Protein chains: 2
Amino acid sequence: MISKKTATIRDVAHKAGVSPGTVSRAINKSPLVSEETRRRIMDVVRELDYVPNIAARRLSTGKALAVVVIVPFFTRPSVSERLNGALSLLSQTQYDLIIHNIESPEQRAICFDTIPRRDQADGVLIISISPTDDEVPKLAQAEVPIVLIDTSQPELTMFPRVTVDDVAGGRMATEYLIQLGHTRIGFIGDVMENPFNFRASRDRYTGYLEALGQAGIAARQEYHGEGEHDRCEARRLAREMLARPERPTAVFASSDTQAVGVLEAAREMGLCVPEDLSVIGYDDIEVADILGVTTVRQLLFASGQRGVELLLEALENPEFEPVHEVLPTELVVRGTTGPALGI
Amino acid sequence: MISKKTATIRDVAHKAGVSPGTVSRAINKSPLVSEETRRRIMDVVRELDYVPNIAARRLSTGKALAVVVIVPFFTRPSVSERLNGALSLLSQTQYDLIIHNIESPEQRAICFDTIPRRDQADGVLIISISPTDDEVPKLAQAEVPIVLIDTSQPELTMFPRVTVDDVAGGRMATEYLIQLGHTRIGFIGDVMENPFNFRASRDRYTGYLEALGQAGIAARQEYHGEGEHDRCEARRLAREMLARPERPTAVFASSDTQAVGVLEAAREMGLCVPEDLSVIGYDDIEVADILGVTTVRQLLFASGQRGVELLLEALENPEFEPVHEVLPTELVVRGTTGPALGI
DNA sequence: CGTTTTAATGCAACCGATTTAATTCCCAAT
DNA sequence: ATTGGGAATTAAATCGGTTGCATTAAAACG
């Protein structure tokens, strides 16, 4: 490989008979360069196939020209869809997108410690991870803007955020089941006390409790299942719940993934859906459409896009006031829910 | 915000009473620092909460400390799973992962032009995109190692790669159907002439033809469907194919996503699976398990991991000989295939 | 005890851009 | 003719690390 060294700005300057400073200005469209020299310089740039060294530019401007996205378990369809929304906008800008995937509490700590510095990224997008009380002040002191997507704590007013009202969503799902005549309604969701401080499932559960309360239905411990955000785990929980003497006639799963687990359990136990059991999920990911699962739709792709928009605004305008945007949810009725039959 | 400026290596040096060079060496675990000074320095580092400026480090070492991954449509489960494998390994290194998602031929051209420079990335991972004949020489001249994952051209011997024998996979799927007694076997896959130069579907089709040929079965034009890699498109194609007078009794879809489309078409048309129609997919993504789709499993996550391993090797050892690794495929029999009944 | 090694540290150049302050040049105004 | 002003450009400092070379201090050796 005869790899002729990459051209530097000095090479260009020399060949064009100007100083490096002028080349820099020409490239960055400064008005302080005469039209004539600019043309000459750009010719040389093309000739030498010159591209500015990003590392040098970053160092001298003090901008990272990159955005870091911190996500947990990014293969989860809901996360990946959000990420995709973010990417779709970022790719139109000059910012690079650096991904940090968090799968353990240690990774999370490192990330939160080291990332929000100016040299690493100009901005940070945190998806589906709620900072804990200890972490909030740290993040608040960050040198770069931080935008949160899908984190529910109402007290996080210092950050721009894009969220969904998961309490309302959980209520919506449960109310629909109640409206169908169900009174024995189970809930299957994530572990509420988890090292990642995921709160979506907890919020949806709160909504579930609210709806039950409003309808005068007592929540029953044996209708409550908590486990990993995972199809198989949900199936296990559902099997257990459905094997009880007075089994629920409907189940609200706090994600579509878990709803699928419930459906699998029902099938294994010979229960017909929706005749014997109604199932409703949350998210409206593709598999819900494929299987015809009734669910609460939230705007995943849009949340990523909107998050980036907020971040870009904050980057341009440092005095940008933190906004809190709540994206709508929508009930999508499909085939896994039906009226309660008999008692 | 009283943002006290971030500490630099000189601040640490001054406070610890040593020179910046020594601090640098201490941080980088050079053996040229006495245990005692190192301790003292590290104390100051903690005290000042010092983190080296990455941009500066990149510039002075000439290493980008980052790996760029170029992927098409990264929400596709198969792509996302590969990416996850790559991330899982990279997160244990000091390399950042920069994603470039390609959704149009223009983006692709820009990426291939600008990325493979030393200042942008130390290495590049290209997933599921086969370079065209014009692009190969460009990439071959790149200043950094490039590893290809899931690109089938046999002539790409200058790059390390991780692939799957899609021809064999297609043959395996088709042979299984033949073995079950099917002779009217349809194929539904991606558009073969596409701007992204995706070849997986084409290769699987080749395997399909080989299997038919070997069994003495003539390929029939009306059993061939090509369309976007998309469930709905596959459903449309399948509906068309299954509506013909002498409809196929089995369909090989070149991905699980498309197999799901075929299943939906069958359901709409009142065909029972597998009694009236056998369906086999490819990839073994989660939805195949959920729906019990017979499929050809390939090691998606592992391919990403292995790709990174090869890249890291190439980074450490510049004289690294390009390896070509072929990951195994495996037939996973589930419920959507069965013996051909009658004629 | 003087000399040679060796270990530890300091000094200064460098990476490749940006940017401020200084300089040159040209023209208009006095 | 002199000077003031503005535009275009250059020179040099800077960003914050790394690293080869010089230097010093301490240990080992004869």
Side-chain angles (χ1 to χ4, degrees), chain A residues 4-42 44-45 48-66 94 96 114 117-122 143, chain B residues 4-42 44-45 48-66 94 96 114 117-122 143:
Chain A
K4 32 179 179 16
K5 265 183 59 57
T6 344
T8 74
I9 202 170
R10 272 166 255 274
D11 299 333
V12 176
H14 184 254
K15 188 147 193 172
V18 295
S19 77
T22 307
V23 176
S24 171
R25 273 182 281 265
I27 288 175
N28 295 304
K29 311 198 194 310
S30 152
L32 291 175
V33 198
S34 74
E35 203 38 59
E36 203 256 313
T37 15
R38 160 168 299 132
R39 251 211 351 273
R40 189 150 40 91
I41 290 174
M42 293 318 273
V44 177
V45 164
L48 294 184
D49 197 20
Y50 167 74
V51 176
N53 181 312
I54 282 213
R57 180 177 275 176
R58 287 197 234 257
L59 179 58
S60 68
T61 58
K63 319 192 84 202
L65 300 176
Q94 53 162 5
D96 275 338
T114 62
R117 303 185 167 252
R118 194 174 307 288
D119 60 318
Q120 302 260 26
D122 297 312
E143 300 165 22
Chain B
K4 34 180 181 2
K5 265 184 59 58
T6 344
T8 73
I9 201 170
R10 275 165 250 270
D11 300 333
V12 176
H14 184 253
K15 187 147 195 170
V18 296
S19 76
T22 306
V23 176
S24 170
R25 276 183 279 261
I27 287 175
N28 295 304
K29 312 197 192 311
S30 151
L32 292 175
V33 199
S34 75
E35 203 38 57
E36 202 256 315
T37 10
R38 162 169 301 138
R39 252 213 348 275
R40 189 153 40 90
I41 291 175
M42 294 317 273
V44 177
V45 164
L48 295 185
D49 198 20
Y50 167 74
V51 175
N53 181 312
I54 281 212
R57 182 177 272 177
R58 287 197 231 258
L59 180 58
S60 67
T61 59
K63 318 190 86 204
L65 299 176
Q94 53 163 2
D96 275 339
T114 62
R117 302 187 166 250
R118 193 174 309 288
D119 60 319
Q120 303 259 26
D122 297 313
E143 300 166 22

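Letters A, B, ... mirror the listed sequences (proteins, then strands); counts begin at 1. None of these values were measured; they are calculated from a predicted model.
- The nearest heavy atom of DNA chain C to A55(A) and to E36(B) marks one nucleotide each, and the one closer to the 5' end goes with E36(B).
- Side-chain contact between V18(B) and V23(B): present, with at least one pair of heavy atoms (C-beta onward) separated by less than 4.5 Å.
- The structure places CG of D96(B) at 10.5 Å from CG of D122(B), a figure rounded to the nearest 0.5 Å.
- Distances shorter than 4.0 Å separate some side-chain N or O of S24(A) from OP1 or OP2 on dT18(C).
- Going from atom OH of Y50(A) over to atom OG1 of T8(A) covers 7.0 Å, rounded to the nearest 0.5 Å.
- One atom, CD of E35(A), and another, P of dT9(D), lie 11 Å apart when rounded to the nearest Å.
- With respect to R40(A) and E36(A), a salt bridge is recorded, a charged nitrogen being found less than 4.0 Å from a carboxylate O.
- Atom C1' of nucleotide dC15(C) and atom CZ of R10(A) are separated by 9 Å, given to the nearest angstrom.
- One finds a side-chain N or O of R57(B) lying less than 4.0 angstrom from the OP1 or OP2 phosphate oxygen of dT18(D).
- Taking atom CZ of R39(A) as the reference point, atom C1' of dA8(D) lies 16 Å away to the nearest angstrom.
- For the pair T61(B) and dT19(D), the criterion of a side-chain N or O lying under 4.0 Å from OP1 or OP2 is not met.
- Within the 3.5 Å criterion, the main-chain N or O of S30(A) finds a donor-acceptor partner in the side chain of R38(A).
- Looking at heavy-atom distances under 4.0 Å, T22(A) makes contact with a base.
- Separating the CD1 atom of I54(B) from the P atom of dT18(D) is a distance of 11 Å, rounded to the nearest angstrom.
- Residue-to-nucleotide proximity on DNA chain C shows that, of P31(B) and T8(A), the 5′-proximal contact is made by P31(B).
- Residue V33(B) has its side chain nearest to dT9(C) when only dG16(C), dT18(D), dT9(C) are considered.
- As judged by a 4.0 angstrom heavy-atom cut-off over every strand, V23(A) is placed among residues making no nucleic acid contact.
- We find the CG-CD1 distance between N53(A) and I9(A) to be 10.5 Å, quoted to the nearest 0.5 Å.
- Distance R40(B) CZ to dA8(C) P: 13 Å, rounded to the nearest Å.
- G62(A) comes within 4.0 angstrom of no nucleic acid atom, judged by non-hydrogen atoms across all strands.
- Within 4.0 Å (heavy atoms only), R25(B) reaches at least one base atom of the nucleic acid.
- Contact annotation: N28(B) reaches the phosphate of dT18(D) (side-chain N/O to OP1 or OP2, under 4.0 Å).
- For the pair L32(B) CG and dG20(D) P, the computed distance is 11 Å after rounding to whole Å.
- Side-chain to base pairing of R58(B) with dG17(D): no donor and acceptor N or O lie closer than 3.5 Å to each other.
- When the nucleotides dT9(C), dG17(D), dT9(D) are ranked by their closest atom to the side chain of Y50(B), dG17(D) comes out on top.
- Distance Q94(B) CD to dT18(D) C1': 14 Å, rounded to the nearest Å.
- Taking every side-chain heavy atom of I9(B) into account, dT18(D) is the closest of dC15(D), dA8(C), dT18(D).
- Residue S19(A) places at least one side-chain N or O under 4.0 Å from the OP1 or OP2 atom of dT10(D).
- Residue I27(B) contributes atom CD1, which lies 13 Å from atom P of dT19(D) at whole-angstrom precision.
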